[in-house]
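Here's the structure we're looking at; comments come further down.
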Amino acid sequence: MRSAGGYISGGSQSSSDINIKEIVENNYKGFSYGDMTSVAVSPNGEKLAVAIQSSDYSAAGCLAVFLCGADGTLSFDQIYEAGVQPDMVTFTPDSKKILSADEGEPRNGYEAGSIDPKGTVTVIDLTNQNVSHLDFTVFDSEAKRAELVQNGVILKKGTAPSVDLEPEYIAANDKTAYVTLQEANAIAIVDLQTLSIENICSAGYEDYEKYPIDIDKKDAAYRPVSYPSLRGIRMPDGISLFESNGKTYIVTANEGDSREWNEYLNEAECNFGKGQTSPSGKITAENSGLTGKVVFFDQNDYEGLNSEYDYLFGGRSFTVYCVDGSGMKEVYTSGNELEAKTAAYFPQYFNCSNDSAEIDDRSGKKGVEAESVTIGTVGE
């Protein structure tokens, strides 16, 4: 997929390319094409949906739907309005609904006069062409917001959940969708029958007293250390779903993500080689042996965290939850296994960066950065 020019193609541009930008502009009058962000094919193989953001970051995006021919060709079907910044599109397993996670990021920052769009979940019922945009305003009351914070959902101070929450990724069965709210370290549970957001659950945290972690980027080796005062904010990105013995399980890839918009950044970078301490003061160069830079979460603007702890972005892990009524219960987390396994299998590339093959380069910032998860079956 090539999004810059608005094409879907299996290779280099040819007569079989489909110019998404041209189709959208010709069939959706008044829409200003920005970027193509996601593509999904229905489980029955009959339709393909494309998520498209507007060039105006605060304006509604759209979902373009194509019919899939038996010979592999695509023909334009219809365009539906999405929420602001549709970031991920998917179908329900029965192929009857299209869902999109509409992120609504404040791309011009939080300065006066800038806009922080509402995050939403778009639900398109293909049986009756009904389009619903589900937002989080039900959680904006003082009591509901306080409940979210009490339960470990991270919210920016002074902001309403409806504008602060940013849907990222979706996993769904035919009745319920589970939507990651990455920056809030949470998962929203959406009832697809009543078209309502039932609950928002914290994704939890990794305990680095229990799971030793490597946050030292200077020693060029895998050297896990336990830190009693350190936690990893899972901040899941990708999410998937499976069912077993009558129970529904969801699995998250706990990547982590900071907020960086114009002059705003919620990172607290500490260089232990210069005698600095962690934000809480509990981790020092002397008691940890750290010598390089570590990027912590800056708690100053946020609620939902415990000031007694230091926090890192991401859990460097994947986690499995069992759906429990209208909530979810953690049943497994990989802890530090991803770091331990990659260090064993690819020691020369341990925690390398995307732009540097230097070992340990990412150890002080999100480490292995698990981003997506896919469910499959091996044997039985």
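- If you look at Tyr309 and Tyr205, their ring centroids are not closer than 6.0 Å.
- Annotation: Glu263, atom CD; neighbour count of heavy atoms from other residues, nucleotides and ligands within 6.0 Å does not exceed 12.
- Two residues are said to be in side-chain contact when any heavy atoms from C-beta on lie closer than 4.5 Å; Tyr57 and Ile115 meet this criterion.
- Remark: Asp71 CG is packed, more than 12 non-hydrogen atoms of other residues, nucleotides or ligands lying under 6.0 Å away.
- Asp310 and Ser280 share a donor-acceptor pair across their side chains, judged by distance under 3.5 Å alone.
- Annotation for Glu142: atom CD does not count as buried by contact number, only 12 or fewer foreign heavy atoms lying within 6.0 Å.
- By the 30° and 60° cut-offs, the orientation of the rings of Phe297 relative to Phe313 is tilted.
- Side-chain contact between Lys118 and Thr137 is present, with heavy atoms from C-beta onward closer than 4.5 Å.
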Worked check of side-chain contact (heavy atoms from CB on, under 4.5 Å) between Leu99 and Thr92: CA-CA 8 Å; Leu99 315 174; Thr92 51; 4.2 Å; yes
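- Residues that satisfy the side-chain contact (heavy atoms from CB on, under 4.5 Å) test with Ile79, not counting sequence neighbours, are Val24, Asn27, Tyr28, Cys62, Ala64, Phe76.
- Within the 3.5 Å criterion, the main-chain N or O of Ser240 finds no donor-acceptor partner in the side chain of Thr374.
- A single hydrophobic cluster is seen to contain both Ile18 and Phe31, as judged by linkage of ILVMFWY side chains at heavy-atom distances under 4.5 Å, directly or through other members.
- In plain terms, the two heavy atoms of Glu166 and Pro106 that are nearest each other are OE2-CD, 3.2 Å.
- Across all non-hydrogen atoms, the minimal contact from Ser202 to Asn151 is CB-O, 3.2 Å.
- Remark: Arg259 does not engage Glu105 in a salt bridge, criterion side-chain N to carboxylate O under 4.0 Å.
- Counting heavy atoms from C-beta outward, Lys293 and Lys365 have side chains that stay 4.5 Å or more apart.
- Here the closest heavy-atom approach between residue Pro117 and residue Val84 is recorded as CB-CG1, 3.7 Å.
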For Leu165 and Ile200, what are the C-alpha separation, side-chain angles and deciding distance, and is it a side-chain contact (heavy atoms from CB on, under 4.5 Å)? CA-CA 10 Å; Leu165 298 174; Ile200 298 175; 3.6 Å; yes
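- To the nearest 0.5 Å, atoms CG (Asn262) and CD (Glu111) are separated by 7.5 Å.
- Pairs engaging residues 180-190 under the side-chain hydrogen bond (donor to acceptor under 3.5 Å, both in side chains) rule: Gln182-Glu255 [sequence neighbours left out].
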Chi angles and distances behind the side-chain hydrogen bond (donor to acceptor under 3.5 Å, both in side chains) call for Asn254, Ser317: CA-CA 5 Å; Asn254 304 322; Ser317 59; 2.9 Å; yes
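- Remark: the backbone N or O of Thr159 is paired with a side-chain donor or acceptor of Arg145 at under 3.5 angstrom.
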List the steps, then state whether side-chain contact (heavy atoms from CB on, under 4.5 Å) holds for Ile187 with Met328. CA-CA 9 Å; Ile187 297 169; Met328 60 188 201; 3.5 Å; yes
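- Looking only at distances, a side-chain donor or acceptor of Asn287 sits under 3.5 Å from a matching main-chain atom of Lys282.
- Between Glu260 and Leu265 the shortest side-chain heavy-atom distance falls below 4.5 Å.
- A 4.5 Å side-chain heavy-atom check between Val294 and Ser278 finds every atom pair outside the cut-off.
- Asp174 places a side-chain N or O within 3.5 Å of a backbone atom of Asp94 that can act as its donor or acceptor partner.
- When only modelled atom types and interatomic distance are considered, Glu22 and Tyr33 share no side-chain donor-acceptor pair under 3.5 Å.
- The residues Arg231 and Asp207 are annotated as salt-bridged, a charged nitrogen and a carboxylate oxygen being separated by less than 4.0 angstrom.
- The aromatic rings of Phe242 and Tyr249 lie parallel to each other, with less than 30° between the two planes, well short of the 60° mark.
- Between the side chains of Ser258 and Glu267, at least one donor N or O lies within less than 3.5 Å of an accepting N or O.
- Interatomic distance, CD1 of Ile23 versus CD of Glu25, reported as 11.0 Å (0.5 Å rounding).
- In plain terms, the two heavy atoms of Asp102 and Ala82 that are nearest each other are OD1-CB, 4.0 Å.
- Within the model, atoms OG of Ser54 and CG of Asp35 stand 11.0 Å from one another, a figure rounded to the nearest 0.5 Å.
- Phe91 and Val179 are members of different hydrophobic clusters when ILVMFWY side chains are connected at heavy-atom separations under 4.5 Å.
- Proximity of Val373 to Thr252: side-chain heavy atoms (C-beta onward) are nowhere separated by under 4.5 Å.
- Side-chain contact check for Asp135 and Ser162: no donor-acceptor pair (N or O, by modelled atom type) lies under 3.5 Å.
- One distance of note links CD1 of Ile124 with OG of Ser100; it measures 6.5 Å at 0.5 Å rounding.
- A donor-acceptor pair shorter than 3.5 Å can be found between the side chains of Asp298 and Asn300.
- The cationic atom of Lys156 (NZ for Lys, CZ for Arg) lies less than 6.0 Å from the six-membered ring centre of Tyr110 and within 45° of the ring axis.
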Please evaluate residues Leu63 and Val131 with respect to the criterion side-chain contact (heavy atoms from CB on, under 4.5 Å), reporting the C-alpha separation (whole Å), side-chain torsions for both, the decisive distance (0.1 Å), and the verdict. CA-CA 11 Å; Leu63 302 174; Val131 180; over 6 Å; no
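- Considering all non-hydrogen atoms of both residues, Asp140 and Phe136 come closest at OD1-O, 3.8 Å.
- In this structure, Phe139 and Ile197 have side chains that are in contact, with non-hydrogen atoms separated by less than 4.5 Å.
- Between Gly327 and Cys201 the shortest heavy-atom distance is CA-SG, 3.9 Å.
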Might you work through the side-chain hydrogen bond (donor to acceptor under 3.5 Å, both in side chains) test for Thr333 and Glu206, ending with a clear yes or no? CA-CA 8 Å; Thr333 188; Glu206 296 299 347; 2.6 Å; yes
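- Checked options Lys366, Lys217, Arg362, Glu339; the residue passing with Asn351 is Glu339 (criterion: side chain to side chain donor-acceptor pair (under 3.5 Å)).
- Within the 4.5 Å cutoff, no side-chain heavy atoms of Asp237 are placed close to those of Asp257.
- Other residues, nucleotides and ligands contribute at most 12 non-hydrogen atoms within 6.0 Å of the NZ atom of Lys144.
- For the residue pair Gln299 / Ser307, no side-chain donor-acceptor distance below 3.5 Å is found, with atom types taken as modelled.
- The distance from atom OH of Tyr311 to atom CG of Asn306, rounded to the nearest 0.5 Å, is 4.5 Å.
- By the rule that hydrophobic residues join a cluster once side-chain heavy atoms approach within less than 4.5 Å of another member, Tyr345 and Tyr349 end up as members of one cluster.
- If you take OG1 on Thr120 and NE2 on His133, they are separated by 7.0 Å, rounding to the nearest 0.5 Å.
- Phe346 and Val368 end up in different hydrophobic clusters when Ile, Leu, Val, Met, Phe, Trp and Tyr side chains are linked at under 4.5 Å.
- Transitive grouping of hydrophobic side chains (ILVMFWY, heavy atoms separated by less than 4.5 Å) keeps Val323 and Tyr332 in distinct clusters.
- The side chain to side chain contact (heavy atoms under 4.5 Å, CB included) with Val190 is formed by just one residue from the set Ile170, Asn199, Leu134, Leu195; it is Leu134.
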